[in-house]
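Worksheet for the structure shown next.
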Amino acid sequence: MNKKGALFHWIAFGVLAALGLFFILSSNFDLGIQAQGMWQLTFVRAAQESDRNLLAVDNAATQSLNKIAKNVAVDASTQDLGCGKHDSVPLWNLKDKLCQLKVDDALLHQFNDVMHKEVGLTYESVLLSEGYLKGKTDKRQTISSSISAIPTTKQSASLFTQYDALTLKPFYLRYQYNPHFMVKADEAFGEYNDLFKESQKLVENCRNKMDLQTCLDKNKRDKFHYVSCNIERYEEADRKVAFCVSLSKEYDFALDFTPVLPFPVEDVTANLKEGDYVLSFAPIDQSESYKLYYTNWPQAGANVPNTAQDIFKLMPTAGFDYFQGLAMISSINPDCPDEKKIGASYWCNGKIVYILHDVRLEPGKDYFFALSSMKEGKESLITSFVKGESSISFTS
Amino acid sequence: MRKLGRKGMMDDWFDFLFTVIACFFILLFIGIYIRGALDAKKQEALNQLEKTILVDDYLVEERVTLNQNKKIDVDTVDKEIENLRRFGKPKEVSSGPNTFSAIERR
């Protein structure tokens, strides 16, 4: 090869090397293809925009809540919450119905004022429930700006300059959602909520007890005062009792202890006499009849108070010789003769006495007895089972 | 027909050799270029995904803060989201022992 030919070849190599060097240095490898998953990420980012907006809504709701909480707490012990009033204080329940504090129109207006100022939204319904303040609106918000949702990437304009470029061409994007909110109201309404829960627990415990005052004395917390926080006195009218509880502020309210079931039968005695069991118990006012349950299952009393059905549902059958007996007591003889008939009931010394005979009840074995009262087709709970005694202590 | 001399044959051989070498380098550069471009796109997709996940995590953290009944500053949230989307996770760098450390973004 002569010099001219060699020069020509070296020039070709030089051009190739220069091209290679240029591509390596510029590092802008672009084949006109886009990174995978950008379209999907755009939708995720649009959803994140809505999450951010909902965060702002919840934040504004929390701030608004703190501003209006004071007024709402006052209303809890002054306004009719839907269950009426007793002795000028609001009832927090009426039979089975619970009357929770609602953010009324005036407070809703205050709330919406603050929310409108903060996030430009107003709510048709705002409800305090289970420790949360919940707001609902029919208005829908839309994420439509695809520009802000599309991911951007650094692009090189030259060796030393870069700019942000969209990874996708802008496209039609529409993501709609309702800006509802649900924020914890425990701190703002915590005192009221705790008190409300405690009062409902007291109702649950005592409404089916005949001796209401004894049950209340036993179950109410020390902070619960009858009628007044200053001069405590027990006053009961139509199973409704007013209370005063002094916390950070004074709460005045009343609770309705109207029973939802007939009163249970308590103070039952069962004694074996000449092969029959003599059952004795105090009558229940307005009770139409009684059901006597008896069994040789020793665990029957482990699941009380409960309905008879639920108690005996747990009784093992296979492999055991357990049985469940039932007797109905409906008509009661007004006199109390010395000789009593089997299967009859008598009125003796202010108590009802029933003579039970069942061939399954063998002398020398343990049997357990319980009674429930019936009224208007409803049956009371069973509160205890008593063990049959072999020596009789009853005197007619 | 004219017969090639030794010099002519050598000249053709060198031409052929240079052509093969040139093709090799051309293909090598094209291969590097395409592979680099695909790697860059893959890395870009991973970076974008990571940034999106970071924003998700951040939103969850802010939600937890709010649930603790603490106030959050929405402007700060917007700025942080913008920063995470642009720069990704802040990384802590140290300029050396017993000196200050700083937060810089990738």
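Note that the coordinates shown come from a computational prediction; the quantities given were computed from them, not determined experimentally. Throughout, protein chains are lettered first and strands after them, A, B, ... in sequence-line order, and every chain is numbered starting at 1.
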Given a strict heavy-atom distance threshold of 4.5 Å, which part of [X] is in contact with chain B: side chain, backbone, both, or neither?
X        : result
A:Thr153 : both
A:Gln34  : backbone
A:Ala12  : neither
A:Gln48  : both

Taking NZ, NE, NH1 and NH2 as the nitrogens, is one of them in [X] or [Y] under 4.0 Å from a carboxylate oxygen of the other?
X       : Y       : result
B:Arg85 : A:Glu49 : yes
A:Asp51 : B:Arg63 : no
B:Glu44 : B:Lys41 : yes

task: Identify which of B:Asp39, B:Leu46, B:Asp56 forms the greatest number of heavy-atom pairs closer than 4.5 Å to chain A.
output: B:Asp56

- line: Among B:Val74, B:Leu59, B:Ile72, the residue with the most heavy-atom pairs under 4.5 Å to chain A is B:Ile72

With A:Glu118 via salt bridge (charged side-chain N to carboxylate O under 4.0 Å, His left out) - residues at least two apart: none

task: For the pair A:His180 (side chain) and A:Lys134 (backbone), establish whether a donor and an acceptor sit closer than 3.5 Å, ignoring hydrogens and angles.
output: no

